[in-house]
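Quick note on labels: first sequence line is chain A, next is B, and so on, each numbered from 1. Basis for what follows: all heavy atoms, side chains included, without hydrogens, waters or symmetry-related copies.
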Amino acid sequence: MSKNFYITTPIYYPSGKPHMGHAYSSIVADIFARFKRLEGCNVLFLTGTDEHGQKIQKEAEKNNKDPKKFCDEISETFRSLTKILNLTNNDFIRTTEIRHSKSVNEIWKRLIKSGDIYLDKYSGWYSVSDEAYYDKDEIEEQNGKKISKTSGSSVEWVEEESYFFKLSAFQKKLLDHYKKNEDFILPHSRKNEVVKFVEKGLKDLSISRTSFSWGIPVPENKKHVIYVWLDALTNYLSALNFPNTKDEKYKSFWPADVHIIGKDILRFHAVYWPAFLFAANLPLPKKIFGHGWILSNEKKMSKSLGNILDPIQVIKDYGIDQLRYYLIKEVSLGNDGSISMENLKNCINNDLANNYGNLCQRVFSFIKKNCDNKIPARNNLKDGDIKLIENIKENIPKLIDHINKQNLNEYVKMVVNFSFEANKYFNDSEPWALKKKDPKRMHAILHTIVEQIKNISILLNPIMPIATKKVLDTINLSDKEISINNILKDNNLDYNSELKDLNILFKKIENDN
RNA sequence: GGCGAGGUAGCUCAGUUGGUUAGAGCACAGGACUCAUAAGCCUGGGGUCGGCGGUUCGAAUCCGCCCCUCGCUACCA
């Protein structure tokens, strides 16, 4: 009965510290994962690290470490980030694990079998310092030396034996797939880029390297290691025990429902990955969502600009729920979004402290003082009360739709509106004026507002798991009742237990620091 | 250069197939209230909707030209 749902983040390349972009991808994926669980889905949420390649090998050498040991350490910082970000990933995959190399080997064999791999030579102008090949028109001659126009570093003509993947053969199949599956690549603006790119024609792809050794060896030719993208992308299958297609996990979760990625790696996911899967005769993921970049004060974060926002530091200063909420509210998923400390503070103070946080505070302390600290039962509700409650219920399909369309922004705005509405309702109803005059009416109002707080908190739970859990604990709602279904039910609050104490949910941020 | 996206209030953006006085949040100013984290609620100012021209009874919305910003343009991830 419960639907399976498989969502992934990119696996991160641990050549440096985790940054805001990593945090963003992970948080976004976690929010979808959590929401799907609220809906009652059986969710598999995967993240991990991509550890092979020349860069890692060099870094390890520089640090005088065995590459595997080096990766163990850095991978660990990404694993600890999942805790800091409060992610609910069910698994954490590393490309240095055996289960992964098994899976990559199988993919390789399948591509060989299908005849989509051949051995040839790769040649071109290569810059050692940039670790990149340049096209003829990307280089120029200076003092008799060839240099790259863009980086200025010297390049040399290199010929390297390499295995190639017949990417060119998949142009039509890819274009057909894009056409038949409108939402395969999202957002649509990015889809157009990919389509235009593929329409221009595809060259075969070099999928092995001999210039370094830190990678998964080509099964039949150990001089080569498998090109890092063929290696990395396969992780999505490895976590399902892939070579074993009879495995429960594989059967339940492949094809993936959505790969959440940054726009910078869209091509690999939207062109190479489907082509590999076509060749391997495996189903394609249902959706690839390329989100935008997080900019700091309108600019790309860079050391020279001094505008780097370290997610770990921001979380230390302001809290993880706060960062999660802010990123989702402020940035429209799919577009680049600018964030700033100034806006973060405003957002925390307005939406969280003044609006949602204070709503909970004012209501619960009112109940404590006037209702023996128990939620009044559902009695004597007036049309206005019912209308308020029903408004959320009626909007549930719309909210689910926003999530299914990755419209996180709209989702949050709608939920926050419920919170505005609840504050207004409380104000207009003036329960404080009814203590003596009409306690029945006062009780009806308080019942209604608690119902709203409960439902709003459930809806915000995927975004701010810690704070909303505190609120739901206060009204004695158990974990398993935190679900979309619970919102749709009537009259299911706990009227017998006393409310637990709720401390200030979100501290306000002072302006002077 | 080619292809694509966009330029709407001080800031971030929404504006459905062209239709009455162009909207929201934040910021700013004023008011009534007190349950609450001096929070919440109400009211208000502020926009030649990038520029010019065209189609139309009527254009932020359609067409043309121009100006500006941004993305993609193949093997660093």
Any base atoms under 4.0 Å from [X], or only sugar-phosphate, or nothing? Heavy atoms, all strands.
| X | value |
| --- | --- |
| A/Ser189 | nothing |
| A/Gly292 | nothing |
| A/Leu266 | nothing |
| A/Val363 | nothing |
| A/Ile265 | nothing |
| A/Phe197 | base |
| A/Lys413 | nothing |
| A/Asp264 | base |

What's the gap between [N] and [M] when it is taken at their [atom1] atoms, as a whole Å value?
| N | M | atom1 | result |
| --- | --- | --- | --- |
| B/C63 | B/U43 | C1' | 43 Å |
| B/A60 | B/U8 | P | 15 Å |
| B/C13 | B/C75 | C1' | 38 Å |
| B/A32 | B/A27 | C1' | 23 Å |
| B/A5 | B/C42 | C1' | 40 Å |
| B/C65 | B/G2 | P | 13 Å |
| B/G46 | B/G4 | C1' | 35 Å |

For this session: Answer yes or no: side-chain N or O of A/Asn354 and base N or O of B/A39 forming a donor-acceptor pair under 3.5 Å.
Result: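 By the distance-only test, no, there is no pair.
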
Could you give the [atom1]-to-[atom2] distance, from [X] to [N], as a whole number of Å?
| X | N | atom1 | atom2 | result |
| --- | --- | --- | --- | --- |
| A/Ile56 | B/A77 | CD1 | C1' | 10 Å |
| A/Leu327 | B/U12 | CG | C1' | 15 Å |
| A/Leu205 | B/C75 | CG | P | 10 Å |
| A/Glu430 | B/C35 | CD | P | 11 Å |
| A/Lys196 | B/G71 | NZ | P | 18 Å |
| A/Asp231 | B/C75 | CG | P | 19 Å |
| A/Asn346 | B/C11 | CG | P | 15 Å |
| A/Lys424 | B/A32 | NZ | C1' | 13 Å |

Under-4.0 Å side-chain N/O to phosphate OP1/OP2 contact, [X] with [N]:
| X | N | result |
| --- | --- | --- |
| A/Arg267 | B/U73 | yes |
| A/Lys369 | B/A36 | yes |
| A/Asn350 | B/A27 | yes |
| A/Lys508 | B/A39 | yes |
| A/Lys329 | B/C26 | no |

Which of the following nucleotides, [options], is nearest to the side chain of [X]?
| X | options | answer |
| --- | --- | --- |
| A/Tyr272 | B/C75, B/U37, B/C41 | B/C75 |
| A/Glu193 | B/A39, B/C72, B/A77 | B/C72 |
| A/Lys200 | B/U73, B/G40, B/A74 | B/U73 |
| A/Asp428 | B/A77, B/C35, B/C41 | B/C41 |
| A/Leu202 | B/G40, B/A74, B/C35 | B/A74 |
| A/Asn427 | B/G40, B/U37, B/A74 | B/G40 |
| A/Tyr227 | B/C35, B/C41, B/C75 | B/C75 |

For this session: Toss me the dot-bracket line for RNA chain B: Watson-Crick and G-U wobble, both under 3.5 Å, 5' to 3', using | for pairs to another strand and [ ] for crossers.
Result: (((((((..((((.....[...)))).((((.........)))).....(((((..]....))))))))))))....

Quick one: do the [X] and [Y] side chains pair a donor with an acceptor below 3.5 Å?
| X | Y | answer |
| --- | --- | --- |
| A/Ser162 | A/Ser206 | yes |
| A/Tyr163 | A/Asp120 | no |
| A/Tyr13 | A/His22 | no |
| A/His52 | A/Gln57 | no |

Exercise. Quick one: does A/Asp321's side chain have a donor or acceptor within less than 3.5 Å of a partner on A/Ile466's backbone?
Worked result: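 It does hold such a pair.
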
Exercise. Once you round to the nearest 0.5 Å, how far does CE of A/Met20 lie from CD1 of A/Ile27?
Worked result: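 A/Met20 atom CE to A/Ile27 atom CD1 measures 8.0 Å (nearest 0.5 Å).
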
Exercise. Is the ring of A/Trp432 stacked on the base of B/C35, with centres less than 5.5 Å apart and planes under 30° off?
Worked result: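 Here the ring of A/Trp432 and the base of B/C35 are stacked, with centres under 5.5 Å and planes under 30°.
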
For this session: Name all residues meeting the salt bridge (Lys or Arg N to Asp or Glu O under 4.0 Å) criterion together with A/Arg324; count only those two or more places apart in sequence or in a different chain, and write none if there are none.
Result: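 Per chain and number, A/Arg324 pairs via salt bridge (Lys or Arg N to Asp or Glu O under 4.0 Å) with A/Asp30.
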
Exercise. What do you reckon, are the aromatic ring centroids of A/Phe268 and A/Trp229 less than 6.0 Å apart?
Worked result: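 Distance test on ring centres: under 6.0 Å, yes.
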
For this session: Provide the closest heavy-atom pair for A/His188 versus A/Glu182 in the form atom of the first, atom of the second, distance.
Result: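 So the two residues come closest at NE2-O, 3.4 Å.
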
Exercise. In a check of side-chain contact (heavy atoms from CB on, under 4.5 Å) between A/Ile117 and each of A/Ile112, A/Asp204, A/Val218, which one passes?
Worked result: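 Result for side-chain contact (heavy atoms from CB on, under 4.5 Å) with A/Ile117: A/Ile112.
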
